[in-house]
Amino acid sequence: MATTDTRIMLMLVGPPGSGKSTICNKIIPNAARPWTRICQDVISKGHRGTRVQCLKQAASAVSKGSSILIDRCNIDVDQRRDFLELAKERGIQAHALVLNFPSSVCIQRATQRTEHEGGLLGPDVGRVVNHVYRSRQLPILGEGFSRITYCRTDAEVEKAVTLYLQLHTEDHLPFGIFGSTVYEGKGTLQFLATAARDDEREVGVRTQQVQRTSAQESQASPGIKPGGSSIANKSQDLAVEKEEKSTLGILFDSDSCEGKTTLAFPSISTSDFQFDHEKAADIIVKAAIQFFQDKDHAGLRLIFVDLSPNSDMLARVRRNLVKEGLNPQQLLTHAGDITKLRSSGGLACNMITNAANWRLKPGGGGVNAAIYKAAGHDLEQATKQYASTLNPGSAVVVPLPLSSPLRKVEGVTHVIHVLGPNMNPQRPNCLAGDYVQGCQILRATYASLFNAFSATVKGQASLPLGFASQERAGDIVAQESNKFKNGGGVRGGASSIRPRLANAFTILMNAAKQKGTGELDTMPKRKRPDEKELNEIHSEITRTAGTSDASNTHGTRKWDAWAQALRAIVLHPEQHASIVLQVTDEAVVISDQYPKAQKHLLVIARRDGLDSIEDVCIEHLPVLQHLHSLGETWATSLLKEDPSLVFRLGYHWVPSMQQLHMHVISQDLDSPVLKNKKHWNSFTTDFFRDSQDILAEVENCGRVKPCSPEVEDRLLKMELRCHRCHTAQPNMPRLKSHLRSCKTPLKDLPQQPHLINKRKSLGAATSSSGCR
DNA sequence: GTTCTAGAAC
DNA sequence: GTTCTAGAAC
């Protein structure tokens, strides 16, 4: 989230010997923004001073417009509290850089060093380090930090230093927990550290190249190299620096990216198909410009991805971006693995593009092999349902099954296969240097790709999503442009595309909608409702739900003040530090204020107007997936604390409070604040909708069947039944008494340690699989 | 969502 | 008389 003030308090957290001063010396002289080091060891005329002196100097530096580096151990909550309060008072962001090395490494470094400003060195210093180490409390967001970075290795420290070095005055970094950590402590801190480790998947550390370097080195030489840089050589350093800079536009402007649905795509045809790079770069940028001329596409984002930071195509596309004046927030460039954009690159992409072969088969090399490998067998199976072959210039959209690792880990909902022109004489259908036709096909390829993306976002995903043609796109354009010149296009989505391409796209879409034609032979065989069917389904839903009042389902519901509490939290998570566990661009995780079980968290969506599952549309699938992923991560962490727990993730069909929120709740349902029948039934009947079922329902039906007031009333007033043995209980006290002695195992639950989530709930009111 | 409380149920 | 529920108020 943006703040108007981008000054930062960066608090180093680590025992003696963790290298805090070295970090300051690297950042301060060379940084892109002014930094002031606050060092307690020298603050009193070169000698050790007090915390109050540090606070005073810190306040003075902030007043002069400087960001501040707090160079003290800051080892526990007490040591950090005053500085965090100062940051809060001054309205500046508080970051922590946690030097999470093993104590042995810190002791070795501290005892071997020959200089230290505070005189803390020599053979006896080990005892000090151990003492400090034992008392450490890892920082959490709840203390008031907006960003925490964990470093376990020198390479990770270097990466963080590089990031802060390049941080210009006007830049700001995303909120959240970054980096990885291993913590050997016990209790809550261990749990939080584990959560932070899992967060790494969620929000990522931002530089693919740096991570790769780090990973390679750790493989080559396990363990820590005291005092030594892990960056292999200068040229790699420069490559890293170059790449870090290239991503700053993305990373430091999260607000402008917030809520944007994103398509990542590689360069098509320039590798194995040997298409001329300059021509290809020109086509990519111009295709993007045309795409964004359509105002409907303002909420979309494209990311051009190439594996190597030294990629010639990346450089050419960036150069053309500048030359053509395209807004860099619309077409971003990124060096990294397209299959690991979220986990390794920190870039959540809804859809990714595969440079496919004409048989749509795995294998080969490059992007095609990588995507099929990352997506697992699921992608191959799903693709077969949509097309068997692909011609140059065409695209085919394949929704990724929920089971695909690419979806579960990276949050990718669709893979769009495209095939570009071939200029390689050793590959089939070589155009033998005919760049007139080659450029035409490559333009058609990108136009098909971008429009398939747009159409999918606009809800066409519920339609068969084949964009594969039987002819080359150029041929179709030539043959069919007159025939379809009055075609309506796709909900205006292609209105600003050049007429020839718009017609080609319209042809493809119409082909996709037509049943029983030759075109459909390559269309999806999987039954999905078309638009008319979808409308009928929604009408039926409204009828059967007995509600003619659209305000119940479309965000015009009035919320009382008490019901707006969750919204206040997502708008200002920093003001609710005591309960906030994690903040991402799309969600806030909190401890439920009135836990109805031993463990009860809420994962709250941050989007405006998304208040209940009945507000969810197909385009919100990535949000639901993100909430589910966060919930699973936290449930997994909680299970590590207590493996006897069983968790469910789900939503109340009709929520009491504004802002879509998912419950992560342990199935003991043992809580003094679970007091009445409504409480009980809201978690044990079909009023509680499992997250997995909601994901499936939205994917299959486009939205969630509303809950009529009659059904809501019936479910919440059902007789009380034990959720284990299903025996009826006369009242809450008797039920609670029964629960203390009931030993019946929970039924229909998957084996531990996996969570949850599918159980047969009481009082079945609906089929979760069908669209009604 | 919780708290309070009148009145039903026991 | 005590326990429990359900609706109003916030």
Side-chain angles (χ1 to χ4, degrees), chain A residues 551-553 555-573 575-581 587-615 627 631 634 648-689 691 694 706-723 727-741 762-763:
Chain A
S551 67
N552 278 346
T553 58
T556 54
R557 173 176 168 178
K558 293 279 188 288
W559 299 92
D560 291 334
W562 59 263
Q564 297 174 29
L566 300 183
R567 178 157 179 76
I569 290 171
V570 299
L571 288 175
H572 302 288
Q575 294 174 10
H576 301 81
S578 61
I579 57 169
V580 170
L581 301 172
V588 176
V589 184
I590 66 167
S591 304
D592 194 300
Q593 293 281 59
Y594 295 91
K596 305 301 188 301
Q598 288 182 33
K599 301 294 180 187
H600 188 183
L601 311 182
L602 297 181
V603 185
I604 316 167
R606 303 186 75 180
R607 291 211 180 178
D608 287 341
L610 200 55
D611 292 326
S612 81
I613 50 175
E614 294 180 9
D615 296 325
L627 300 186
W634 279 92
R648 285 181 82 189
L649 315 185
Y651 303 83
H652 283 154
W653 205 350
V654 181
S656 299
M657 304 190 78
Q658 189 180 15
Q659 212 68 28
L660 179 68
H661 54 283
M662 185 181 75
H663 296 263
V664 179
I665 183 165
S666 59
Q667 290 304 291
D668 49 88
L669 298 175
D670 174 17
S671 164
V673 298
L674 198 163
K675 294 175 179 173
N676 58 44
K677 181 181 276 187
K678 183 179 177 183
H679 289 156
W680 180 258
N681 284 341
S682 73
F683 288 104
T684 59
T685 69
D686 276 354
F687 189 80
F688 189 77
R689 304 294 312 277
S691 172
I694 294 300
C707 180
S708 69
E710 293 78 16
V711 170
E712 178 185 5
D713 198 54
R714 182 170 64 81
L715 289 172
L716 294 178
K717 291 182 178 173
M718 284 179 71
E719 62 184 342
L720 293 168
R721 284 188 179 271
C722 171
H723 64 316
T727 57
Q729 303 294 326
N731 54 49
M732 283 304 293
R734 291 278 293 276
L735 172 64
K736 290 200 166 204
S737 173
H738 168 81
L739 291 175
R740 283 191 284 273
S741 60
L762 301 168

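Letters A, B, ... mirror the listed sequences (proteins, then strands); counts begin at 1. The shown structure was predicted, so the numbers you read here are calculated from the model rather than taken from an experiment. Values below: all heavy atoms of this structure, side chains included; hydrogens, waters and symmetry mates excluded.
- Note: CD (A:Gln593) to P (B:dT2) measures 11 Å, nearest angstrom.
- Rounding to whole angstrom units, CD1 of residue A:Ile665 and C1' of B:dG1 are separated by 14 Å.
- Ring pair A:His723/A:Trp680 is perpendicular by interplanar angle, where above 60° counts as perpendicular and below 30° as parallel.
- One can place CD1 of A:Ile604 at 12 Å from C1' of B:dG1, the figure rounded to the nearest angstrom.
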Atom pairs, protein N/O to nucleotides 5-10 of chain B N/O, distance under 3.5 Å:
none

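- A:Asp608 has a carboxylate O that lies under 4.0 Å from a charged side-chain N of A:Arg567, or vice versa, which qualifies the two as a salt bridge.
- Atom CG in A:Asn676 sits roughly 11 Å away from atom P in B:dT3 (whole-Å rounding).
- When all heavy atoms of A:Phe683 and A:His600 are compared, the pair lying nearest together is CZ-CE1, 3.7 Å.
- Residue-level contact check: A:Lys675 touches the backbone only, with heavy atoms under 4.0 Å from sugar-phosphate atoms and none from bases.
- Atoms CD (A:Gln564) and P (B:dT2) sit 17 Å apart, rounded to a whole Å.
- Minimum interatomic distance between A:Pro595 and A:Val673 (heavy atoms only, all atoms of both residues): O-CG2, 2.9 Å.
- The side chain of A:His679 contributes no N or O atom lying less than 4.0 Å from OP1 or OP2 of B:dG1.
- With ring centers used as reference points, A:His679 lies 6.0 Å or more from A:Tyr594.
- Residues A:Phe688 and A:Ser682 are not in side-chain contact: their nearest non-hydrogen atoms beyond the backbone lie 4.5 Å or more apart.
- A:Arg721 is not listed as a side-chain neighbour of A:Thr685, based on a closest heavy-atom distance of 4.5 Å or more.
- Partners of A:Lys596 under the salt bridge (charged side-chain N to carboxylate O under 4.0 Å, His left out) rule, at least two apart in sequence or in another chain, do not exist in this structure.
- One atom, CG of A:Asp560, and another, P of B:dG1, lie 13 Å apart when rounded to the nearest Å.
- B:dG1 has its base stacked against the ring of A:Trp562, the centroids being under 5.5 angstrom apart at an interplanar angle below 30°.
- The shortest side-chain heavy-atom distance between A:Val580 and A:Ile590 falls under the 4.5 Å cut-off.
- Protein atom CZ of A:Arg567 is 18 Å distant from nucleotide atom P of B:dG1, rounded to whole Å.
- Near DNA chain C, defined here as any heavy-atom distance below 4.0 Å, there are no residues from residues 654-664 of chain A.
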